[in-house]
Number of protein chains: 2
Amino acid sequence: MNSEDRVISEECNGVLTPIGDALYVIGGKWKLRVIASLKDGSMRFNEIQRTVGGISARVLSSELKELELNGFVKRIVHAKTAPVVVEYELTPYSDSLTEVLHALASWGTMHRDKLRKER
Amino acid sequence: MNSEDRVISEECNGVLTPIGDALYVIGGKWKLRVIASLKDGSMRFNEIQRTVGGISARVLSSELKELELNGFVKRIVHAKTAPVVVEYELTPYSDSLTEVLHALASWGTMHRDKLRKER
DNA sequence: CGGTATCCGTTTGGATACTG
DNA sequence: CAGTATCCAAACGGATACCG
């Protein structure tokens, strides 16, 4: 990349890189939905699966690992119980996503209304 | 789904469905980036490809078709030119995504800063 | 330039069974 | 319950060639 290309891609549209960064971490079909579902409080594995709906255990498991790795979710094992109870809860850092979640949810609502009226 | 389940999934967390709706339409790796890149004004195919970066012609072509179908983008053919010139521009409806794009971009910026400081 | 067609490896993700 | 293992189908997506 030469200096003129940099001018084009960074000066003219500095929003592309941040959006790319964001999608890299919270993009995909499930991550935001898992986070949103935990907004109401901590939940157990099968509970999340039921709440999110349509996600398989295998996929949910890997999503939760990534979310933990990126600091959005904390995995809590209540030891000394049999069978073991595991809970997932949001970290304070996940609060930083409030605006994103709100914007997305309200856009989704608006869009669905629009489609309904068009039909 | 019985009525009690409905209470759980709709009343306790009515945000999941809208988020699902939104991701269905503007989710994926590229759609928001293509829209963001067109914010600065209409562009031609290869221009978009260069600006977005990392997207192949085949994929960009199919993304643009979906975006057109969903009313975010308008395809404009300047006829009577040889070779034909095609431009893509955002529709007024794509303005409804301003908040989403802004929230995502500013979160991305914040997150990148956070990672940089942690290293 | 603005794409489309084809090929093909990679990734995603569902279903099912299984384990501690 | 909280996952993991395996298998397998479908989707994604890059590379390349090609067309008007």
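Only a predicted model underlies this, so the values are computations on that prediction, with no experimental measurement involved. Every chain is numbered from 1 and lettered A, B, ... according to where its sequence line falls, protein lines coming before strand lines.
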Roughly how many Å is it from [atom1] in [X] to [atom2] in [N], rounded to a whole number?
X       : N      : atom1 : atom2 : answer
B:Glu63 : D:dG13 : CD    : C1'   : 11 Å
A:Glu47 : D:dC1  : CD    : C1'   : 12 Å
B:Lys29 : D:dA11 : NZ    : C1'   : 13 Å
A:Glu87 : D:dA2  : CD    : P     : 9 Å
A:Ile76 : D:dA2  : CD1   : C1'   : 15 Å

Least distance between heavy atoms, [X] atom then [Y] atom:
X       : Y        : value
B:Arg33 : A:Gly20  : NH1-CA, 3.6 Å
B:Ala22 : A:Gly108 : CB-CA, 4.1 Å
B:Lys31 : B:Ile26  : CB-O, 4.1 Å
B:Gln49 : B:Ala57  : NE2-N, 3.3 Å

inquiry  = Of all nucleotides in DNA chain C that come within under 4.0 Å of a heavy atom of chain B, which is furthest toward the 5' end and which toward the 3' end?
reply    = C:dC1 to C:dT6

ask   = When the ring planes of A:Tyr93 and A:Phe72 are compared, do they come out parallel, tilted or perpendicular, using 30° and 60° as the limits?
value = parallel

At a cut-off of 3.5 Å, list every protein nitrogen or oxygen paired with a nitrogen or oxygen from nucleotides 3-5 of chain D, distance to 0.1 Å.
unit_1: D:dG3; atom_1: OP1; unit_2: A:Arg75; atom_2: NE; d: 3.3
unit_1: D:dG3; atom_1: OP1; unit_2: A:Arg75; atom_2: NH2; d: 2.7
unit_1: D:dG3; atom_1: OP1; unit_2: A:Tyr88; atom_2: OH; d: 3.4
unit_1: D:dG3; atom_1: OP2; unit_2: A:Tyr88; atom_2: OH; d: 2.4
unit_1: D:dT4; atom_1: OP1; unit_2: A:Lys65; atom_2: NZ; d: 2.9
unit_1: D:dT4; atom_1: OP2; unit_2: A:Ser61; atom_2: OG; d: 2.4
unit_1: D:dT4; atom_1: OP2; unit_2: A:Lys65; atom_2: NZ; d: 3.4

request  = State whether A:Glu68 and A:Lys74 are salt-bridged, where the test is any N-O pair (Lys NZ or Arg NE/NH1/NH2 against Asp/Glu carboxylate O) under 4.0 Å.
outcome  = no

key: Heavy-atom side-chain proximity of A:Met110 to B:Ser96 below 4.5 angstrom   = yes

request  = Please figure out whether A:Pro83 or A:Val59 has its closest DNA chain C nucleotide nearer the 5' end.
outcome  = A:Val59

message = So if I apply the side chain to side chain donor-acceptor pair (under 3.5 Å) rule between B:Glu87 and each of B:His78, B:Arg75, B:Arg44, which one comes out positive?
response = B:His78

